[in-house]
Structure formats: C-alpha cells, structure tokens
Amino acid sequence: MTDHSGAPTGTPHAFQADVSRLLHLMVHSIYSDRDIFIRELVSNAADACEKLRYEALTKPDLINDEGGFAIKITVDDADHRITIADNGIGMSHDDLVSALGTIASSGTRAFLDKLAQTDGEEKVKGAELIGQFGIGFYSAFMVADQVTVETRKAGSQEAFVWESEGQGTYVTRPIPLEKAPTHGTRVTLHLNDASHDYAKPGRLARIIREHSSAIAIPVDVIEKDGEDAQRVAEGSALWTRAKSDIKPEEYADFYRSLASQFDEPALTIHWRAEGRQEYTVLAFIPGSRPLDLFDPARKGRSKLYVRRVLISQEADLLPGWLRFVRLVVDSSDLPLNVSREMIQDSPVFAAIRKGIVNRLLQELTKTAENDSETFKSIWENFGAVLKEGLYEDPERRDALFKLARFTTSKNIETARTLTDYIADLRPNQTDIWYITGDDQKRLEKSPQLEGFRTRGIEVLLLSDPVDAFWVSTALGFEGKPFKSVTQGTADISNVPLLEGETAPSKETSPEIATLIAFMKQTLAENVDDVRASDRLAESAACLVAPAHGRDRRLEQILAQGGMGSISKPVLEVNPSHPLVAALASHFAKGDDKTLIEDAAWLIHDEARVADGEPPADPTQFIARLTRMMTRAAQAPSA
Ligand code: ADP
Ligand code: MG
C-alpha cells in the first residue's frame, strides 16, 4: 500500500476543496468524542450488508460466501491497527471516488460554516455536528493518520484499494481479487499516536456495545492472532423485540445510530399496527434541531424494511412537515421482490403512510396534553416545520391548529394556543388578529399594535417565514377568521377600551384633512393612500397593506423569491399626535412648504423603519433629516 519511502503509490486524486477543509477542521477542532468513529464505520458496514441483502432478493448469486452477513472487527494492538470488515455490497471504482472522495450531502456547506464559527472553542458542539451531516466516514481521520479501504463490489471481477492520510488527497488502485474480500469492504485504520488505546479489544468492545448494540447485523471483535471472536452485537433488529424488553438506553442508542445524531430523542414511539395492514414502527423525534432542517434538499431518514429486509433508507413515508422524525418501518404486507418504486406506489404503502402520520399526530397531541415541558421543546425545535402542514395538508389543519403554540402580544414569555386565544376574546371581538414579520422583538413594538393594546386585544406575533403562507390560506379557527393588523382598515371600535385608555380618534379637523391630502400628493409615488388611523396611540404613523392586497410580509417573501412585486402600502397617520397637529396648523398658515414636504417624507420613512425596512431613498432621507435638525437647532430657544 505504500512504497519504501512511505508515500502511497497509485493514481493520485485530489479531494474536492470542501473535503480537505473539512478534514482539516475535523482533525484539528473536534476531539471531544472520538469514540463515535467506530459507530459510523459499523453503521456503514451494516448499511452495506443490508444493501446486498436487498439486491440479492432478485440476484441471489451475488452472495457467494456462507454464514450470513457479519461485521468482523480485528484489532492489532502491536501495530496499532483496527480493521472493520463487512461482507456487504462493496464498492466499484466509481463508487469509491464518488462516495469517499466527495461529500455530496447538501448540509456540507452549512456544516463547514458552522464549524468555522465554533472553531475549536466548542469541541463538543463540533462532534455533535458530524453526524448531522452524514459525513460519517471521515470521522475515521480523527483517530487515524492513514485509512485504507479494500473493497470488491458484489458480482464484480475487479477489486480496488482507496487510501488516504486525510491531508487533501487520496489514491486508488486495483488490487488482485485474492487480496480483496469476496464481496464487501475492509476498512483499516492506522491509529494516530493519541489513539492507540482503541486497538485494545476490551475498550473497543465496550464502545461498540455502548453505541451500536441495536444494529441489525451481528458484530464480532477479534484479536489479531488471538483465540476467538467476541460477539459484541447480536444483530437482532431492535424494533422486532417486545417494548417491555427494551431499555430506554437501547432506544436512545438505536436512535443515535439511525439519525446520526448525538442527542437524546425527545420522544420515542414504538408500535405495532395490526388489522388490515401489519407493520411495526419505531419512530423518534430528535431532541435538537439539525442545522439543515430548512434545506429543501434535505431528505428525511425513514428506513423501510419488508420482513426485516431493508428496502429503502429514504422511503417516502412522511410528509414534508414531519421531515424531522426519524423512523424505521417494518412491514409484512408489502411485496418483497419488486422494485422500490413499485413498492412506494402500492396502495398498501399509501395506507401505511397514512397510518403513520395519524399516529404521530396523535402522539404529539397526547404529549402536548400530558407533558407540556417535552412538547414545548419539540415545538421550539420543530414548530416552524409542523406549521408547513397548515397549508400543505388541509385535512390535518385542525389537528395541527390544536398543537400550534404562538407568541402573542399578551405575554411574550409563555406560548399560547389558539384555544387559549379564543377563551380570552374581548367582548365583541370577532377575529383572530395577527401581525407577521421576521423579527419578533420588532413585531412586539410595532406601531400597528398600539390601538389593539388600548382595547386589550391579543395579537399573534408571527415571525417564522412559513407563517405568512398559512395565515393567507387558513379560513379561521373555531369560526373566527384570521385578520392581519397591518392590512386594510382595522375595525376594532366595537371592542371596549381598557380602563384609563382613551380612544384614538379617526375624527379629523379640516386642517388635518388638508394636511393629509397634501401628504398624499407628496408621497403619491410611494404610497397608495394616506389616511387617518384609529389603530395608533403613541406613534405618528404606520404603514399597512390595502384592504384587498396581500399581507405585506408575504409579498416581501414572494418578491425576494422573484415571484410577484411589492404593491404600494397605505400610510396611516395618527390625527391625535402632537406632531401631526402642529404640522397641520403650520400648513394652514401657509408656512414654508418644504418643511411640510420634508416632514411628510420623514414620517413615511420612519414608518418604514418601524417595519424593518430602510428609508425609501437614504440620500434624500439624510438631506431632509439634516435640514430639519438645522432648522430646530437654529430656532430661537423658547
Ligand atoms: P453516509 O453513511 O451517511 O452515506 P458516510 O460518510 O458514512 O455517509 O459514507 C459515505 C458513503 O460511502 C456511503 O453512503 C457508502 O456509499 C460508502 N461506504 C462507506 N462505507 C462503506 C462500506 N463499508 N461498504 C460500502 N459502501 C460504503
Ligand atoms: Mg455512514
């Protein structure tokens, strides 16, 4: 594998740029939980066996060794080596290059960025990240300064070796068949100085028991030149065992190897469906949020087995809004020897899918009712994804509405349900009011909410991008329509004021009406209308969408995505505000027109800023503001 000078021989290849950076970061900034490398390699070996088991359904000749699938790990303490051998599917030369020389995972970029940010300072975090991005194989370089992979694809007459020191390049070359496994892969780690302990059989066996005991293929640890193999994992599929026999740690370990995550599952759901379809499901809701949760290319990880044969690792068993759930389904009703595609098209598959979604929703509802702490963390992590179901899955909308938690203007500390909201409706309140935006802190302080506050009307503060979509399609909850506080005229005058509050009045003097008409003329290019408002208390003005327009936030999101343009908003001014009153009287006296024009623009720009937007024309904005300030500074002091 190496020539006499120690340098690897064979065809040199360069890793993709990202990979070498990744390797560097991995080796230099993540030391905390190096143990996980063995779990990653064992899970790859098990995957390879399960892949071959599936292929062999139609081509039994592919398997040409006896004794069944097994993973054999040989440790060589004297030479500081570990070899993980499987008799699975193996890799062709192309497989080697694409699987071990590229990281195709969509999350790689995000991973690198995140890792570069934490660089070293938070090593634990870094290790947690590895698994989340499916870059398991590379974790070998945490413990090895050279990794050799000898492999032969089942049914192929060629075998290859892949070798790398994890420094930016790897080599591949053909090897004689007699030096390769009959089919399958042998991964040899040449342990680095800090990792020699891993070649002690006792230690390795303990780690495997701890991390990989629920794997579906048996694992043996063999001491080089030693007597016998030590079976460290039985290869019995966890989900087939009785619930009462499974310890919580076993579930958690299995979850970690299934999800490639490092946390505890927030919820473990294990059930057997009987009746028209028989299947077993073992599902987990992760305890933390993967970084690439919102990447549309991210696939769920649902493993579909038919009578213990793995059919697909990415079965389409869950709708997008449940994509964070990790699960295994084992069915006894699906046909085994047809293609994956045919299985996924079968009515039995559709029925299983539906059964799973219903059950998961039931379990979430139960958790929300009986274990609010757990549900709270699930909602914090995945609420934004679950809300996608509100518009993607109308059939389940009501069930999801019951789960949904909201931050509202009433109490931003505790999340509220729509049922809470309805229970606290104010007298004569007929709508569920909401405001959308991207920054919850700013939403809370929006001028548009002032009038609602004086009447004690609760407003949902919706700050997830998905919110703008579902509110625009949802008809309402318990007969109460959703209404935006930033859209159209907000008629809340029937709702009584809270004690001590005075009603902002829309009543305008002729002076103010003239001012408003002038402002409308001045701002005509930027606003659809200027009108007096009754939704403001302290602020001078705010922007709202015209009555039949789209929600302003939704418009912004769509425009950013190149879909549709932004329509002109309506500027509402507060007739009771001292600034407005003063301007109106100046205008009536025929005072300096530029002053009034400047003020109109500045009021408009302020309203934009309150909505989180920049002034319409920053240069003009500065010029106007400077003129105003100069004027104020030069005015004789009273
Ligand atoms: P993942 O397992 O999430 O796909 P890994 O980095 O662990 O990511 O492995 C990358 C790929 O390398 C695998 O998807 C598989 O195609 C290939 N591979 C790794 N180990 C083996 C093995 N023992 N046998 C066959 N293929 C393997
Ligand atoms: Mg893997």
Side-chain angles (χ1 to χ4, degrees), residues 15-16 18-19 22-23 26 30 36-56 62-63 69-74 82-108 111-112 127 129-144 147-156 158-164 166 170 172 180-189 211-212 215-217 219 256-262 290 292 297-303 310 312-314 326:
F15 284 114
Q16 284 198 342
D18 277 358
V19 181
L22 178 70
L23 289 175
M26 289 252 290
I30 306 171
I36 62 99
F37 80 92
I38 189 72
R39 183 189 81 195
E40 294 300 326
L41 297 179
V42 167
S43 95
N44 285 350
D47 288 349
C49 293
E50 299 205 293
K51 280 182 197 158
L52 180 56
R53 176 142 66 193
Y54 175 75
E55 291 286 313
L62 286 181
I63 299 181
F69 290 109
I71 299 167
K72 296 193 188 300
I73 303 179
T74 313
I82 306 177
T83 300
I84 296 112
D86 65 67
N87 53 352
I89 187 100
M91 285 176 273
S92 66
H93 189 263
D94 284 353
D95 292 340
L96 271 179
V97 171
S98 69
L100 304 186
T102 325
I103 302 180
S105 140
S106 59
T108 310
F111 173 81
L112 286 169
L129 295 177
I130 302 178
Q132 295 183 9
F133 294 93
I135 47 170
F137 174 79
Y138 303 94
S139 62
F141 290 104
M142 295 195 300
V143 297
V147 176
T148 306
V149 179
E150 296 151 293
T151 188
R152 176 173 172 190
K153 185 145 189 166
S156 162
E158 295 173 313
F160 298 91
V161 66
W162 178 104
E163 200 160 57
S164 176
Y170 61 91
T172 60
T182 10
H183 50 76
T185 303
R186 215 154 41 211
V187 179
T188 301
L189 310 184
H211 289 297
S212 308
I215 209 115
I217 307 289
V219 182
R256 287 189 279 260
S257 65
L258 175 72
S260 260
Q261 299 229 138
F262 289 69
D292 56 350
R298 183 188 170 85
K299 294 220 177 88
R301 289 193 190 213
S302 303
K303 284 192 167 181
L310 179 64
S312 169
Q313 307 216 51
E314 285 179 347
R326 299 287 171 260

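Counting convention: from 1, in listed order, for ligands and their atoms alike. Treat the numbers as computed from the prediction; the structure is a model and nothing was measured.
Contacts of Asp95 with ligand 1, taken as heavy-atom pairs under 4.0 Å, are absent altogether.
The Mg ion (ligand 2) lies at 2.8 Å or more from every N, O or S atom belonging to Ser43.
When only interatomic distances are considered, the shortest N/O to N/O separation between Phe137 and ligand 1 falls below 3.5 Å. Residue contacts with ligand 1: Asp47 is placed with no nitrogen or oxygen under 3.5 Å of a nitrogen or oxygen of the ligand (distance criterion only). Polar contact check, Asn44 against ligand 1: a nitrogen or oxygen pair lies under 3.5 Å apart.
Between atom 25 (C) of ligand 1 and the options Ala48, Cys49, Ala140, the minimum heavy-atom separation is to Ala48.
Remark: Ile84 CD1 to Thr188 OG1 distance equals 8.0 Å, nearest 0.5 Å.
With hydrogens and angles left out, the side-chain atoms of Thr148 and Glu163 include a donor and acceptor closer than 3.5 Å.
Near Ala99, meaning under 4.0 Å from one of its heavy atoms, ligand 1 places the atoms 10 (C), 11 (C), 12 (O), 16 (O), 17 (C). Numbered from 1 in the order shown, with element, the atoms of ligand 1 that lie under 4.0 Å from a heavy atom of Leu100 read 12 (O). Within ligand 1, the atoms closer than 4.0 Å to a non-hydrogen atom of Met91 are 17 (C), 18 (N), 21 (C), 25 (C), 26 (N), 27 (C), numbered from 1 in the order shown.
Looking only at distances, no side-chain donor or acceptor of Ser156 sits under 3.5 Å from a matching main-chain atom of Arg152. Put simply, the side chain of Asn87 gets close to the backbone of Ala70: a donor and an acceptor are under 3.5 Å apart. For the pair Tyr138 (side chain) and Gly166 (backbone), a donor-acceptor distance under 3.5 Å is absent.
Ring-plane geometry between Phe137 and Trp162 is classed as perpendicular, the angle between the planes exceeding 60 degrees on a 0 to 90 degree scale with a lower cut at 30.
Using a cutoff of 4.0 Å between basic side-chain nitrogens and carboxylate oxygens, Lys303 and Asp47 are scored as salt-bridged.
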